[in-house]
Amino acid sequence: MYDAFLYHPDKGIKTGVSTQEIVDALKDERSLIWLDMLDMDDSDIDFLTSVFNLHPLTIEDFIMPNARPKIEKFKDYFFLIMFSLESIGVNGAEKVKTAELDCCLGKNFLITFHNCPLSSVEVCKERSKKDSPMMMHGADMLLYSILDSCVESYFPIIQKFDNFVDEMSDELFKEPNQETLRKIYHLKNEIMYLRRTIGPQADIISSVARGDFELISPANIIYFRNIYDNLVRLNDIIGTSRDVITGAMEAYTSIVSNRLNEVMKTLTIIATIMMPLTLVASIYGMNFKHMPELNSKFGYPAVLAIMITITTMMLLFFKRKKWI
Amino acid sequence: MYDAFLYHPDKGIKTGVSTQEIVDALKDERSLIWLDMLDMDDSDIDFLTSVFNLHPLTIEDFIMPNARPKIEKFKDYFFLIMFSLESIGVNGAEKVKTAELDCCLGKNFLITFHNCPLSSVEVCKERSKKDSPMMMHGADMLLYSILDSCVESYFPIIQKFDNFVDEMSDELFKEPNQETLRKIYHLKNEIMYLRRTIGPQADIISSVARGDFELISPANIIYFRNIYDNLVRLNDIIGTSRDVITGAMEAYTSIVSNRLNEVMKTLTIIATIMMPLTLVASIYGMNFKHMPELNSKFGYPAVLAIMITITTMMLLFFKRKKWI
Amino acid sequence: MYDAFLYHPDKGIKTGVSTQEIVDALKDERSLIWLDMLDMDDSDIDFLTSVFNLHPLTIEDFIMPNARPKIEKFKDYFFLIMFSLESIGVNGAEKVKTAELDCCLGKNFLITFHNCPLSSVEVCKERSKKDSPMMMHGADMLLYSILDSCVESYFPIIQKFDNFVDEMSDELFKEPNQETLRKIYHLKNEIMYLRRTIGPQADIISSVARGDFELISPANIIYFRNIYDNLVRLNDIIGTSRDVITGAMEAYTSIVSNRLNEVMKTLTIIATIMMPLTLVASIYGMNFKHMPELNSKFGYPAVLAIMITITTMMLLFFKRKKWI
Amino acid sequence: MYDAFLYHPDKGIKTGVSTQEIVDALKDERSLIWLDMLDMDDSDIDFLTSVFNLHPLTIEDFIMPNARPKIEKFKDYFFLIMFSLESIGVNGAEKVKTAELDCCLGKNFLITFHNCPLSSVEVCKERSKKDSPMMMHGADMLLYSILDSCVESYFPIIQKFDNFVDEMSDELFKEPNQETLRKIYHLKNEIMYLRRTIGPQADIISSVARGDFELISPANIIYFRNIYDNLVRLNDIIGTSRDVITGAMEAYTSIVSNRLNEVMKTLTIIATIMMPLTLVASIYGMNFKHMPELNSKFGYPAVLAIMITITTMMLLFFKRKKWI
Amino acid sequence: MYDAFLYHPDKGIKTGVSTQEIVDALKDERSLIWLDMLDMDDSDIDFLTSVFNLHPLTIEDFIMPNARPKIEKFKDYFFLIMFSLESIGVNGAEKVKTAELDCCLGKNFLITFHNCPLSSVEVCKERSKKDSPMMMHGADMLLYSILDSCVESYFPIIQKFDNFVDEMSDELFKEPNQETLRKIYHLKNEIMYLRRTIGPQADIISSVARGDFELISPANIIYFRNIYDNLVRLNDIIGTSRDVITGAMEAYTSIVSNRLNEVMKTLTIIATIMMPLTLVASIYGMNFKHMPELNSKFGYPAVLAIMITITTMMLLFFKRKKWI
């Protein structure tokens, strides 16, 4: 299943193009064909192989899910795997998911393929239908528009992550608990996942921006450099988040230890004051016949006075130790 | 002991080839010989040296176990050491083991050697016997088929590891104990072992995919690039697992500290409440003659009231501290 | 809104230049124009595009905020994004903020753009107005002066950070508390932020100092090398601070554990001494009819003697263990 | 003091060669001289300088102990510092020590120097005396034989380390104590020391194996590649050990914390059960005149019943918390 | 203020040279001038600028303190910043300080500048005055002598650091306390400081040893390689120290935790034994009228027997747990 757009300087943009028209347009250097495929059945594969002359490995890469971006030069085209970032709701919680976007750029055609509808591609299709000048500057600039809109889609999501990290950072020094740790742990893993997604894409676009691919005209290379800059910037933001979160994990351990100290101080203070007092009371609870103090009239108040003295001394001791 | 396959465009595939036939075929550029050796005795060594003209260091590498992948160019062939991943059952538990696969690729021959039967090689042998087109595209494509099947065998095992890591991650925040730590520790070591196995293989296949070896025809290099992509992808998955597990180890320490905090809070709460009460009881257990409270009718209920007051105050104190 | 400076070897420096004068001066190779823009409206954009012939991507970079330094070569000029460091007061506390400085260097013109007034640019404008020789040595030396003053502005701020780190280091071994940890954590994050700001700027100036840009005359490249040296030196200072602070975070955990040890020793000492004494007292508080010691005249002093002996033994035990 | 070996294709190997014979042989391209020096006095230095024409810096490197492997090209020879690994017994415990081996390879001579007898060199000398073909293939192959035997000597020692690491790993989860930590700490330091010894040697042999030195004939370079492979393999084994031991150190901290948890749980359980019981007993030990319970016939059994109830409830509470 | 040395092959070394003699000697290629400056006033600056034709940036680098080594090529000379290590006594404690040494090497002159007297330069001056051959081999060899003596001065200091690390390592497992941690922390920071001093110097001398500077004659390059080797060796020693100390910091945390375990075990043992005994005693201290045991003749001995049994059981329990 595919959407086809055909642009010709003399005729403008045409949608809903027939197979024959595509075959004809491919022979005309001034035409530009954009094929956006959502799913691929056997007839599509035959069509791509016979009309566009794609390599079997390209077809395989189209069909099979890929986990890494890549770029590969073939005789008449180059093949590019990039990833779009989609934020989807799972059981109320929001999850971030990468969606593969395969592109095949020839002299006067561009084939894009994805398994699920991608908002960044939809936007470009809408704009093409509205006669935007997107397709007028050649296949390479069309690819640029799609990739740019794909990379732009990262920013709001990355920004949200950045906010999560800030929130977590605040929580850390206010009321950290086991849940905070769980958040840090999962945030760290998701950030590492994003890093592994964005880094290699930057490498690949960098090779395009260096001018390794002649299908990108030299004047337009600077636009791909723009995409590269965006990817590097994304990578920077994520790198900062990762560093902050790594520091947060270390700090968490120290904070928990600090709290343990507080707990233990409370226990030590209470025990250190109560135990000697109880000992004194226990001594005068002994049943010896001959304990002169017991018969003294001032025995009881004296003992109470001793107890108050002990308590005061202990409190002063802890005061000096800065425990209270 | 070896299995020999002889392919000739005119005659098709022949198994059970005699030594003389091999010698003849080697001289015929259109033939292709595949020798799969499981073990090597002295007669085999003589045969390889005299017929295939292999370098003494190649023979040594065939015989001796190797711990690292490598590729080495010789005058008429290149020598390649790769590793297959085999999952074997040891005392009920499953263990992962790497098995060496040595390959020697010449213009019209391929020699593969392994110490134990490898499922990935067996599959290729079966397919060759069934007249699959595997051997029709030259020695380099035959090598590709074997390496591809060898690298593909990693995926299910790596996937299983990935699942272990996920399980461990869940366990970590539910019921972590010493056993969880032991799992993390061993999983980490096994993952590092896999990393050291896969990384260098990727480097070596990368040099093939760059076209450093003329015995691989330029048109087929892209297939080796495919194997390289798979190895890099494996490396990525493992790298992610390693990062997750490193984070898990750090989190574990914090979780244990958190639990200690819980334990200590319980102890502190009980001690802080019980100790003052016991002190009060002990005081009125003293045997002084002159303790006016003891004779009062309301002494006992008053003391009980004091005790309840102390308990309530303590509980409020801990409530405010968010300990209970 | 812009400030324009026009220098001509015959006429000296002129401020408040009209648009027409700029257009004329651009054609005269001996003239030098410096345009400093604080904000950009549509007429400015038109002016830059038509008169200076700037690329649309340059205009975009001028208008949009950027998060990373970069340098980009165009046909007639190169475009440079650098960052100035401004220390601003927020609610009494001082915060460090980076401010973008965009430069566009042509053969005989320099355009600088910033969103907020930058002290480093103001200084240069003042000096230009006072007929300083800044503009006499060509556009490249003018750029050098501005960048130099921009980078110099980092030193006092970095120095202040360095002092914070030293203070924190002292506090760590004197009176560490939760607040110390919070300081370490935030200092670490700010230092990592500075590192990410300075490092890439050094990379970019390094490419200028290598002579990659012909608009910088070979004789003046050494001055840019000077800026590069300053940036590397800044990076060094920050790197040292980061290492110190990372070590401080680790040390903090150990210090907290050390303190816990002290707390626990206090508790253990008091409990170990008091508990046996209380037991002894409790034993002689039992109400058995037949307890011969109770009737002995020396029972009470004997028990007190036993208690003193127990206490002494315990204290000696802790002395030997070096706990007291 | 030196041992000299002289080989000539026509005359075979001769030991105990006179100075004059060496001078003559040096002029004959077909001869090969091997000088193995154990110590160096002034006459030796004169001899090396005048006969072999060695650079003063080479002589200095021979005499002074070196801490790093290196290779240096001179006009007629190259100079190589490698390290042999010797396991020596110190006070019953075994210690690993590196011993320097300096080599000087010319067209038809090889000079080896070491401060103490090296088993790897001794082996080669024995083999040379027994007319082994070691010296027949030229100076470069002689160097190869010595270096190979030198690097082979690492394997048993590294293997032993590997076993130590495995033992330690087992101990860690069985009965870790302070001694285990001491072992981990020292093992880590020794492994880092080995790493610093082997890594740079691999780099140096790698430059030989790349063919940077013309004194190694192209056909023999592959043998040096073999030594390189061995060094890389050693480095791999050590790298794995280091990773395992780093993980062990982290795990140790967690294990100690786990144990602390166990200790604290025991304390908390006992305190939480005993303290309320003691309180109850203390209450009924008070000497109030008016305590109706004391006179009841069922007071005592009722209190015991209350105590049993409290104990049961507490145990159920800990059971639910999974502490027992 | 400067010391000038003038060497001419025909006239030997002359000290106390007049300005005119310097001007003359500069024109004579066979002469060699060494200017050692301790401080610089305006007349010196004029002198250097007019006579030696130094670039303004070189003069600036001479005057301003620098924090990083660097090397810079100018038309007639190159400029080099290196650092000497001086150990100075501060309040009884010894502190290590780096001292800048600026060198300016021309065809037949060498200018050295330092802010404070450097022992390594003094040594060279003494040797020059005593007609040592230091100045006879050209300006490059004179520079070598000074740098060599400068780098040699690092070794005793680094060695002392190495010993500190060893001492600390011993202390760690014997009697670690807060002071040990403070030592580790400061040692780590000082070692990182040394690392940052030595590493970049090695890089710079490496560029000299690669032959990037024609003022060093090819035959003498190997001497600078010697300095490079020394710097790399220093870097190695420091790297090892850093690794050891990083491990020590980790080990410290574990050791402190281990000690806490010991403390807590002591507490738990004493509490677990004493609490049940005290409970038993308290029970028989209750004042119930009807407690049959109290009247029994064997009540008291029976209770004592029960207490001994409880104690024995507890001790056996802890024995089995390997706590005692």
Side-chain angles (χ1 to χ4, degrees), chain D residues 55 57 60-61 66-68 70 72-74 175 177-178 181-182 184-186 188-189 192-193 196 200 246 249-250 252-253 256-257 259-260 262-264 266-267 269-271 273-275 277-288 291 293-301 303-304 307, chain E residues 169 172-173 222-223 225-226 229-230 232-237 239-240 243-244 246-248 250-251 253-265 267-269 271-294 314 317-318 321-323:
Chain D
H55 193 279
L57 281 176
E60 196 187 314
D61 275 334
N66 286 282
R68 276 185 67 82
K70 80 169 171 189
E72 213 148 31
K73 218 185 272 198
F74 289 86
E175 296 190 37
N177 50 32
Q178 182 96 356
L181 181 63
R182 222 181 50 81
I184 295 175
Y185 179 74
H186 285 293
K188 195 179 178 189
N189 287 346
M192 287 190 306
Y193 170 68
R196 285 184 183 276
T246 301
M249 204 144 186
E250 284 177 54
Y252 183 85
T253 312
V256 168
S257 295
R259 292 190 142 201
L260 185 59
E262 290 311 305
V263 173
M264 293 315 297
T266 309
L267 176 59
I269 291 168
I270 204 83
I273 292 172
M274 288 299 149
M275 279 180 159
L277 302 186
T278 307
L279 174 63
V280 169
S282 299
I283 287 174
Y284 292 105
M286 292 193 295
N287 297 323
F288 284 104
M291 285 178 72
E293 299 97 321
L294 294 181
N295 301 313
S296 155
K297 210 169 179 179
F298 305 106
Y300 181 49
V303 161
L304 290 185
M307 286 180 171
Chain E
S169 221
L172 189 64
F173 286 95
I222 200 162
Y223 289 95
R225 169 96 201 165
N226 203 26
D229 284 344
N230 277 337
V232 171
R233 207 173 114 205
L234 282 169
N235 218 14
D236 266 18
I237 302 176
T240 304
D243 289 351
V244 170
T246 301
E250 284 177 54
T253 312
S254 292
I255 289 169
V256 169
S257 295
N258 255 335
R259 292 190 143 200
L260 186 59
N261 266 6
E262 290 312 305
V263 174
M264 294 314 298
K265 276 183 193 169
L267 177 59
T268 305
I269 290 168
T272 311
I273 292 172
M274 288 298 150
M275 279 179 158
L277 302 186
T278 307
L279 174 64
V280 168
S282 298
I283 287 174
Y284 292 105
M286 292 193 294
N287 296 323
F288 285 104
K289 285 266 154 66
H290 305 278
M291 286 178 72
E293 299 97 323
L294 293 182
M314 287 294 176
F317 170 74
F318 289 123
K321 275 208 164 187
K322 298 214 171 141
W323 287 15

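On a predicted model such as this, the values are computed, not experimentally measured, just so you know. Here is how names work: the chains are called A, B, and so on, in the same order as the sequence lines, proteins then strands, and each is numbered from 1.
Of the atoms belonging to E/Met274, not a single heavy atom falls under 4.5 Å from chain D. Only the side chain of D/Leu57 comes within less than 4.5 Å of a heavy atom in chain E; its backbone stays farther off. For a residue to count as touching a neighbouring chain, one of its non-hydrogen atoms must lie under 4.5 Å from one of that chain's; by this rule D/Asn189 touches chain E with the side chain only. At a 4.5 Å heavy-atom cutoff, E/Val280 makes no contact with chain D through either its backbone or its side chain. Heavy atoms of E/Glu293 lying under 4.5 Å from chain D belong exclusively to its side chain. Only the side chain of D/Lys188 comes within less than 4.5 Å of a heavy atom in chain E; its backbone stays farther off. For chain D, the nearby parts of E/Tyr223 are the backbone and the side chain; heavy atoms of each come within less than 4.5 Å. Contacts between D/Tyr193 and chain E at a heavy-atom distance below 4.5 Å are absent for every atom of the residue.
The closest side-chain heavy-atom distance from D/Leu267 to E/Met264 is below 4.5 Å. Taking 4.5 Å as the limit, some side-chain heavy atom of E/Ile283 sits within range of a side-chain heavy atom of D/Tyr300. Using a 4.5 Å cut-off on side-chain heavy atoms (C-beta onward), E/Lys321 and D/Thr266 make contact.
Here D/Arg196 contributes atom CZ and E/Ile237 contributes atom CD1; the two are 10.5 Å apart, rounded to the nearest 0.5 Å. Separation of atoms CD1 (E/Ile222) and CD (D/Glu72) is listed at 4.0 Å; rounding is to 0.5 Å. Distance check, rounded to the nearest 0.5 Å: CG of E/Asp243 to CE of D/Met192 gives 4.5 Å. Separating the CZ atom in E/Arg225 from the NZ atom in D/Lys73 is a distance of 12.0 Å, to the nearest 0.5 Å. The structure places CD of E/Glu250 at 7.5 Å from OG1 of D/Thr253, a figure rounded to the nearest 0.5 Å.
In plain terms, the two heavy atoms of E/Asn261 and D/Val256 that are nearest each other are ND2-O, 3.4 Å. Of all the heavy atoms in D/Ser296 and E/His290, the pair that sits closest is O-CD2, 3.7 Å.
Within the 3.5 Å criterion, the main-chain N or O of D/Met286 finds a donor-acceptor partner in the side chain of E/Asn287.
The candidate from D/Leu279, D/Thr246, D/Leu260 with the greatest count of non-hydrogen atom pairs under 4.5 Å with chain E is D/Leu260. Per-residue heavy-atom pair counts under 4.5 Å with chain D were compared for E/Thr278, E/Leu172, E/Asp229, and the maximum is reached by E/Asp229. Per-residue heavy-atom pair counts under 4.5 Å with chain D were compared for E/Ala281, E/Ser254, E/Ser282, and the maximum is reached by E/Ser254. Most heavy-atom pairs under 4.5 Å with chain D: of the set E/Lys289, E/Lys265, E/Lys322, this distinction falls to E/Lys289.
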message: Checking E/Met314 against D/Ile270 for the side-chain contact (heavy atoms from CB on, under 4.5 Å) test, could you report, in this order, the C-alpha distance in whole Å, the side-chain angles of both residues, the deciding distance, and whether it holds?
response: CA-CA 11 Å; E/Met314 287 294 176; D/Ile270 204 83; 4.3 Å; yes

